[in-house]
Amino acid sequence: MEKKIIYSAVQPSGNLTIGNYAGAIRNWVRLQSEYDCFFAIADMHAITVRQDPAELRRRTLELAALYIACGIDPEKCVLYVQSHVPAHAELCWVLNTFTYVGEASRMTQFKDKSQKHADNINMGLMDYPVLMAADILLYKADFVPVGADQKQHVELARDIAMRFNGRCGETFTVPEPLILKGGARIASLQDPAHKMSKSETENPNASVFLSDDRDTVLRKFKRAVTDSGNEVRYGEEKPGVSNLLNIYCTFKGCTPEEAEREFAGVGYGDFKLAVGETVADVLAPIQKEKARLLAEKDELVSYLVSGRERAAYAARKTLSKVYRKVGFWKE
Ligand code: TRP
């Protein structure tokens, strides 16, 4: 039987946190044997907010190395850089004519980002979900693993796909968002009411980055906010401790019950140290492999070139079909 197709991408902006690892990359690793996977580095999405060019280039390679270091197998999956495949921009243009301004301007993320970047509400910001639809539809993805914040965009991609199919005949696979179980939402260590953010700058202890060294990880967990009382257990009245327990379970690979049992009678201080050590132990080999890949660049570059070729081949097939359906003449 043909394998179903998975598509996802991450922007090379900001530093990835343990939340990105738990919610996205770690789960992709599990999916790669069961599905045909396309994983992209979304540099074209990244420039919808201002980027420093040298920094963007550096982060692109770093993210590729990180994906692989986390266990994405570039020979099993198609791992590539979005801007290397021109079909993304080309399909985006066609899909723009199947997207209503009203729909695009109602997207929650567009509204949020317009507020945050009020000095630069560019067309790309509004077109962001249409480019995302192009990403997904080019590869005939059945499933799109995303965080809750991107679900609305996948739904728009579905609407665009159905609208196109309705007008021009069956062309696109209608994708479904895949909100993964077990990818517990990881909150800020300083404010458990908010998601751990990769662009957090105000409070340096709020986010644990995948690039943090052991001492930094331990320090951040030591300073993590806890709650009143002194028992380590889950509870609505214990958002800080519950978040730390979630992190522990994710990185240790244990159940919430097992974690509660393990920490029965343990004080907050020792508990936070244990969580920090567990996270640091998982990060160490990832950081080592990432550094190796970045130092011996040839291997990494060859993966990305091969990814580009395989992605471009699949994308070209879909794009040609679309061009035919909309009536573009070709010799
Ligand atoms: N917008 C996504 C994010 O920031 C990244 C992304 C770009 C993506 N293209 C995609 C995710 C296609 C899923 C499918 O998280």
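Count residues from 1 along the sequence. The structure presented is a predicted model; accordingly, all values stated were derived computationally and were not measured.
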Only distances under 3.5 Å count here; give the side-chain donor-acceptor pairs of residues 209-223 to other protein atoms, sequence neighbours excluded, each with its distance to 0.1 Å.
from : atom 1 : to   : atom 2 : distance (Å)
D212 : OD2    : F209 : N      : 2.9
D212 : OD2    : K220 : NZ     : 2.7
D213 : OD1    : D215 : N      : 3.4
D213 : OD1    : T216 : N      : 2.9
D213 : OD1    : T216 : OG1    : 2.6
R214 : NH1    : D281 : OD1    : 3.0
R214 : NH2    : D281 : OD1    : 3.3
K220 : NZ     : S207 : O      : 2.8

Original post:
Do Y313 and E309 have side-chain atoms, one donor and one acceptor, less than 3.5 Å apart?
Top reply: no
Subject >> Test side chain to side chain contact (heavy atoms under 4.5 Å, CB included) applied to R59 and N15, step by step >> reply: CA-CA 9 Å; R59 286 186 194 281; N15 271 328; 3.4 Å; yes
**OP:** Step by step, work out the side chain to side chain contact (heavy atoms under 4.5 Å, CB included) result for K325 and F164.
**Re:** CA-CA 10 Å; K325 299 262 182 167; F164 188 98; 4.2 Å; yes
Original post:
How are the rings of Y248 and F263 set to each other: parallel, tilted or perpendicular (split at 30° and 60°)?
Top reply: perpendicular
Original post:
Is there a donor-acceptor pair closer than 3.5 Å between any side-chain N or O of E277 and the backbone N or O of A274?
Top reply: no
Original post:
Is the side chain of S8 donor-acceptor paired with the backbone N or O of P145 at a distance under 3.5 Å, no angle test?
Top reply: yes
Original post:
Will you find, in the side chains of Q32 and D73, an N or O donor that is under 3.5 Å from an N or O acceptor?
Top reply: no
Original post:
Can you check whether F39 and Y80 have ring centres sitting under 6.0 Å from each other?
Top reply: no
Subject >> S242 side chain to G235 backbone, donor-acceptor under 3.5 Å >> reply: yes
Original post:
T99 and N96: side-chain donor and acceptor closer than 3.5 Å?
Top reply: no
**OP:** Report yes or no: does T173 contribute a side-chain atom to a donor-acceptor pair with the main-chain N or O of P175 at less than 3.5 Å?
**Re:** no
Subject >> S197 to T17 - nearest heavy-atom pair and separation >> reply: O-CG2, 3.5 Å
Original post:
Considering only heavy atoms from C-beta outward, does the side chain of Y67 approach that of V10 to under 4.5 Å?
Top reply: yes
**OP:** Could you tell me whether a side-chain N or O of N243 sits under 3.5 Å from a main-chain N or O of P192, the two making a donor and an acceptor?
**Re:** no
Original post:
Are D191 and H194 close enough that a side-chain donor and a side-chain acceptor fall under 3.5 Å?
Top reply: yes
Original post:
Between the main-chain N or O of I5 and the side-chain N or O of D36, is there a donor-acceptor pair closer than 3.5 Å?
Top reply: no
Subject >> T108 and its side-chain hydrogen bond (donor to acceptor under 3.5 Å, both in side chains) partner, picked from H153, Q152, K151 >> reply: Q152
**OP:** For the residue pair Y128 and H45, establish whether any side-chain heavy-atom pair is separated by less than 4.5 Å.
**Re:** yes
**OP:** Tell me yes or no: between the side chains of Y303 and E75, is some donor less than 3.5 Å from an acceptor?
**Re:** no
Subject >> Carboxylate-amine/guanidinium contact E62 K290, below 4.0 Å >> reply: yes
Original post:
Given side chains that start at C-beta, do those of M196 and I18 come closer than 4.5 Å, heavy atoms only?
Top reply: yes
Original post:
Would you say the side chain of T97 lies within less than 4.5 Å of the side chain of V326, judging by non-hydrogen atoms?
Top reply: no
**OP:** Could you work out the complete set of other residues in the hydrophobic cluster of M123, with links drawn between I, L, V, M, F, W and Y side chains under 4.5 Å apart?
**Re:** none
Original post:
Is it the case that S83 and D43 place a side-chain donor and acceptor less than 3.5 Å from each other?
Top reply: yes
Original post:
Do R310 and S306 have side-chain N/O donor and acceptor atoms under 3.5 Å apart?
Top reply: yes
Subject >> Spacing of CD1 belonging to I179 relative to CZ belonging to R185, to within rounding of 0.5 Å >> reply: 12.5 Å
Subject >> Neighbour count >12 (heavy atoms, 6.0 Å) for atom CZ, R167 >> reply: no
Subject >> Salt-bridge present (K252, E258; N to O < 4.0 Å) >> reply: no
Original post:
Given side chains that start at C-beta, do those of V81 and R308 come closer than 4.5 Å, heavy atoms only?
Top reply: no
Subject >> Electrostatic pair R261:E257 at N-O distance under 4.0 angstrom >> reply: no
Original post:
Nearest 0.5 Å, what's the NZ-CG distance between K297 and L294?
Top reply: 7.0 Å
Original post:
Is K113 atom NZ crowded by more than 12 heavy atoms from other residues, nucleotides or ligands, each under 6.0 Å away?
Top reply: yes
Subject >> Check: F98 main-chain N/O paired with R163 side-chain donor or acceptor under 3.5 Å >> reply: yes
**OP:** Could you tell me the separation between the NE2 atom of H84 and the CE atom of M44, rounded to the nearest 0.5 Å?
**Re:** 11.0 Å
Subject >> Heavy-atom check, side chain of T48 versus side chain of F110, under 4.5 Å >> reply: no
Subject >> Pairwise side-chain contact, L189 with V225, heavy-atom cut-off 4.5 Å (strictly under) >> reply: no
Original post:
Closest approach of S13 and Q51, non-hydrogen atoms and distance?
Top reply: CB-NE2, 3.7 Å
Original post:
Would the number of heavy atoms belonging to other residues, nucleotides or ligands and lying under 6.0 Å from NZ of K116 be above 12?
Top reply: no
Original post:
Does some side-chain heavy atom of L79 sit less than 4.5 Å from a side-chain heavy atom of I68?
Top reply: yes
Original post:
Is a side-chain N or O of E176 found less than 3.5 angstrom from the main chain of F143, in a donor-acceptor match?
Top reply: no
Original post:
Is it true that atom NZ of K140 has more than 12 heavy atoms of other residues, nucleotides or ligands lying nearer than 6.0 Å?
Top reply: yes
Original post:
Is the backbone N or O of E34 less than 3.5 Å from a side-chain atom of K4, with the two atoms forming a donor-acceptor pair by type?
Top reply: no
Subject >> Residues R292, E299; criterion salt bridge (Lys or Arg N to Asp or Glu O under 4.0 Å); working and verdict >> reply: CA-CA 10 Å; R292 184 192 71 79; E299 181 185 343; 3.0 Å; yes
Original post:
How far does NE2 of H117 sit from CG of N120, to the nearest 0.5 angstrom?
Top reply: 8.0 Å
Subject >> From L138 atom CG to H88 atom NE2, the distance as rounded to the nearest 0.5 Å >> reply: 5.5 Å
Subject >> Atom pair OH/CG of Y21 and L16 - distance to nearest 0.5 Å >> reply: 12.0 Å
**OP:** Would you kindly say whether N246 and Y234 are connected by a side-chain donor-acceptor distance under 3.5 Å?
**Re:** yes
Original post:
Stepwise, does the side chain to side chain contact (heavy atoms under 4.5 Å, CB included) test hold for I6 with D142?
Top reply: CA-CA 6 Å; I6 292 243; D142 297 287; over 6 Å; no
